[in-house]
Amino acid sequence: MKKIYMDHAGTTPVRKEVVEAMLPYFTEKFGNASTVYSYGREARKAVEEAREKVAALIGADPKEVYFTSGGTEADNWALRGIAYANKEKGNHIITTAIEHHAVLHTCEDLEKKGFKVTYLPVDKYGKVRVEDVINAINDKTILISIMHANNEIGTIEPIEEIGQALKNFDRKIYFHTDAVQTVGKIPVDVNKLNVDLLSISSHKIYGPKGVGALYIKKGTKIQPFMTGGGQEFGKRAGTENVSGIVGFGKAAELIASELEEQQKKLSYLRDKLIKGIMENISDVILNGHPVDRLPHNVNLCFKYIEGESLLLNLDLKGICASSGSACTSGSLEPSHVLLAIGLPHEIAHGSLRLTLGRDNTEEEIDYVIEAIKEIVEKLRQMSPLYNQKK
């Protein structure tokens, strides 16, 4: 049975060109990038070339890009690093109710350490209001962290507008955005977004898992996340994951060259998938903003059925998808994002996220539409709620 992969927001397959670029750094080019002899210099050169490629993808200076173990570490470092380095100036952080758990759980932990956190609501599309962000600022605010686009429902947030508004303040309030879902999908430029910190992950752009980066604008006062050696300009200790960093750099280089073409292709396939499902199945809700959404994201709620049953039946037909966010899809609790946009528990439980990638085809879209239609009809026939409705 052919497999159809539609969970690219969860992870992406590593491209062959990326694997080929990485392989020498496991064997003949195995040096530690912090050593001074030839093996080490070779590894150091590869790390710095990768840093340039990642920086180019987001419009940053290479010296503002710090490699991490992934997006979660980047988020943790941004929040904890700014909070602890600036606590003498204030203890207030602003975020939203729909952030990734890497941000939400870090904020919850910081609250235990004496910091105050404001969790802003979002509208029915999952978008935060710029005025709500600005109105939440007080004289103790030191950091604002709002994701560039939501990982579940795909809504793109007004980051550029918030960053612009923060320029009007006469004191520094640091601005972080988790751009794990947007980098490589839509144009991302740290200068245009007006952010001080930005998180990226390699495995969302067809690179290897276990590597990511945090953009830190020059002049930002931040504590190191890990201490030990002097790696990453003295801000992130630990022997560099040279092969992973090389793969990340290659993935960034490739996706930058295809960005416009892929954005058009994915938007077309996304719209075809949404239209096909909405026209063929009743009682379906499209979650997220209808226009300001990621080009590869489709998130739907099917009334009267459970998302888990839908996923298992899709898997039997060779279709890989997710219910809720990728990192918490094993949870029995409904998505915090869907609850935050106002969906009741029973509807939020019937969610399905399909996220497309560079290898998906129109034929696959047609197959998935038919498969979902058939599965939903079958599951609803077994649903007492659906039969009551009839």
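This structure is a prediction, so every number in the text was calculated from the model and none was measured. When a residue number appears, it is its place in the shown sequence, counting from 1.
The backbone N or O of S351 sits less than 3.5 Å from a side-chain atom of S323, completing a donor-acceptor pair. Judged purely by atom type and a 3.5 angstrom limit, S335 uses its side chain to pair as donor or acceptor with the backbone of V337. A donor-acceptor pair under 3.5 Å is formed between the side chain of K204 and the backbone N or O of G10. Remark: side-chain polar atoms of Q181 are paired, donor with acceptor, to backbone N or O of A9 under 3.5 angstrom. Side-chain atoms of N150 come within 3.5 Å of backbone atoms of I98 as a donor-acceptor pair (strictly under, hydrogens ignored). Side-chain atoms of D178 do not come within 3.5 Å of backbone N or O of H100 as any donor-acceptor pair. The backbone N or O of I153 lies less than 3.5 Å from a partner atom in the side chain of R293, making a donor-acceptor pair. Using a distance-only test at 3.5 Å, with no hydrogens or angles considered, no donor-acceptor pair links the side chain of N91 to the main chain of K87. In this structure, the side chain of K250 does not engage the main chain of M22 through any donor-acceptor pair within 3.5 Å. In terms of modelled atom types and a separation under 3.5 Å, the side chain of N86 and the main chain of K221 share a donor-acceptor contact.
Screening residues 117-140 for ring-ring contact (aromatic ring centres under 6.0 Å, His included) gives Y125-H289 as the qualifying pairs, with residues at least two apart or on separate chains. Residue pairs meeting the side-chain hydrogen bond (donor to acceptor under 3.5 Å, both in side chains) criterion with at least one member in residues 22-32: none, sequence neighbours excluded. The salt bridge (Lys or Arg N to Asp or Glu O under 4.0 Å) analysis of residues 64-77, with sequence neighbours excluded, yields the pairs E73-R236. Annotation: ring-ring contact (aromatic ring centres under 6.0 Å, His included) contacts involving residues 255-276, sequence neighbours excluded, are absent. Within the structure, no pair that satisfies the ring-ring contact (aromatic ring centres under 6.0 Å, His included) test touches residues 129-155, not counting sequence neighbours.
Classified by interplanar angle (parallel below 30°, tilted 30° to 60°, perpendicular above 60°), the ring pair F233/Y66 is perpendicular. In this structure, Y206 and H8 have tilted ring planes: the angle between them lies in the 30° to 60° band.
Remark: D109 engages R80, K113 in a salt bridge (charged side-chain N to carboxylate O under 4.0 Å, His left out) (not counting sequence neighbours). Judged as a ring-ring contact (aromatic ring centres under 6.0 Å, His included), and not counting sequence neighbours, the contacts of Y84 are F115. Evaluation of the side chain to side chain donor-acceptor pair (under 3.5 Å) rule for K192 yields no partner, not counting sequence neighbours. In this structure, D359 has no salt bridge (charged side-chain N to carboxylate O under 4.0 Å, His left out) partners at least two apart in sequence or on a different chain. By the ring-ring contact (aromatic ring centres under 6.0 Å, His included) test, Y367 is found to be paired with no residue, residues two or more places apart in sequence or in another chain being considered. In this structure, the side chain to side chain donor-acceptor pair (under 3.5 Å) partners of R51, at least two apart in sequence or on a different chain, are E48, E232.
Contact check on E49 versus K45 returns a salt bridge, with a Lys/Arg side-chain nitrogen under 4.0 Å from an Asp/Glu carboxylate oxygen. Comment: E374 engages K317 in a salt bridge, judged by a side-chain N to carboxylate O separation of less than 4.0 angstrom. Between E364 and K2 there is a salt bridge, since at least one side-chain N of the basic residue sits less than 4.0 Å from a carboxylate O of the acidic one. The pair E157-K127 does not meet the salt-bridge criterion, since no charged nitrogen lies less than 4.0 angstrom from a carboxylate oxygen. With respect to K264 and E260, a salt bridge is recorded, a charged nitrogen being found less than 4.0 Å from a carboxylate O. Look at R44 and E240 and you find a salt bridge, because one of the NZ, NE, NH1 or NH2 atoms lies within 4.0 Å of a carboxylate O, short of that distance. A salt bridge is defined here as a Lys NZ or Arg NE, NH1 or NH2 lying under 4.0 Å from an Asp or Glu carboxylate O, and K218 with D61 meets this definition.
Members clustered with L339: none, using a 4.5 Å side-chain heavy-atom cutoff among hydrophobic residues.
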- Message: With side chain to side chain donor-acceptor pair (under 3.5 Å) as the criterion, how do T96 and E99 come out once you've worked through the C-alpha distance, each side chain's angles and the decisive distance to 0.1 Å?
- Response: CA-CA 6 Å; T96 77; E99 298 299 309; 2.7 Å; yes
- Task: Please step through side chain to side chain donor-acceptor pair (under 3.5 Å) for the pair N76 and T106, ending with a clear verdict.
- Result: CA-CA 6 Å; N76 270 258; T106 303; 3.2 Å; yes
- Task: Given salt bridge (charged side-chain N to carboxylate O under 4.0 Å, His left out), test K272 with D366 step by step and report yes or no.
- Result: CA-CA 9 Å; K272 180 182 173 73; D366 291 333; 3.3 Å; yes
- Could you go through the side chain to side chain donor-acceptor pair (under 3.5 Å) check for H203 and T12 one step at a time? CA-CA 6 Å; H203 77 106; T12 55; 5.9 Å; no
- Take E160 and Q164 through the test side chain to side chain contact (heavy atoms under 4.5 Å, CB included) and record every step on the way to the result. CA-CA 6 Å; E160 185 178 342; Q164 191 63 44; 5.7 Å; no
- Task: Show the numbers, then the answer: is there a side chain to side chain contact (heavy atoms under 4.5 Å, CB included) between I205 and L254?
- Result: CA-CA 9 Å; I205 61 168; L254 291 170; over 6 Å; no
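With R353 as the fixed residue, the side chain to side chain contact (heavy atoms under 4.5 Å, CB included) test singles out one of N297, V298, N287: N297. Of the residues V18, V19, I245, the one that meets the side chain to side chain contact (heavy atoms under 4.5 Å, CB included) test with P208 is V18. Among L273, L266, I274, the single residue meeting the side chain to side chain contact (heavy atoms under 4.5 Å, CB included) criterion with R270 is I274.
When all heavy atoms of H176 and A78 are compared, the pair lying nearest together is CD2-CB, 3.5 Å. Of all heavy-atom pairs spanning V188 and L193, the tightest one is CG1-CD1, 3.9 Å. Closest approach of V242 and A33 over heavy atoms only: CG2-CB, 4.1 Å. Contact between L79 and S145 at its shortest, heavy atoms only, is CD1-OG, 3.7 Å.
Other residues, nucleotides and ligands contribute over 12 non-hydrogen atoms within 6.0 Å of the CD atom of E88.
Counting heavy atoms from C-beta on, the side chains of T177 and L197 never come closer than 4.5 Å. Counting only heavy atoms from C-beta outward, the side chains of F225 and T68 never approach each other to under 4.5 Å. A 4.5 Å side-chain heavy-atom check between K3 and D315 finds at least one atom pair inside the cut-off. In this structure, the side chains of L338 and N299 come closer than 4.5 Å at one or more pairs of heavy atoms. Considering only heavy atoms from C-beta on, I144 comes within 4.5 Å of I137 through its side chain. Looking only at side-chain heavy atoms (C-beta outward), H336 and E152 come within less than 4.5 Å of each other. Taking the side chain as every heavy atom from C-beta outward, F248 and N241 never approach each other to under 4.5 Å. For the pair W77/Q223, no side-chain contact is recorded, criterion being any heavy-atom separation below 4.5 Å from C-beta on.
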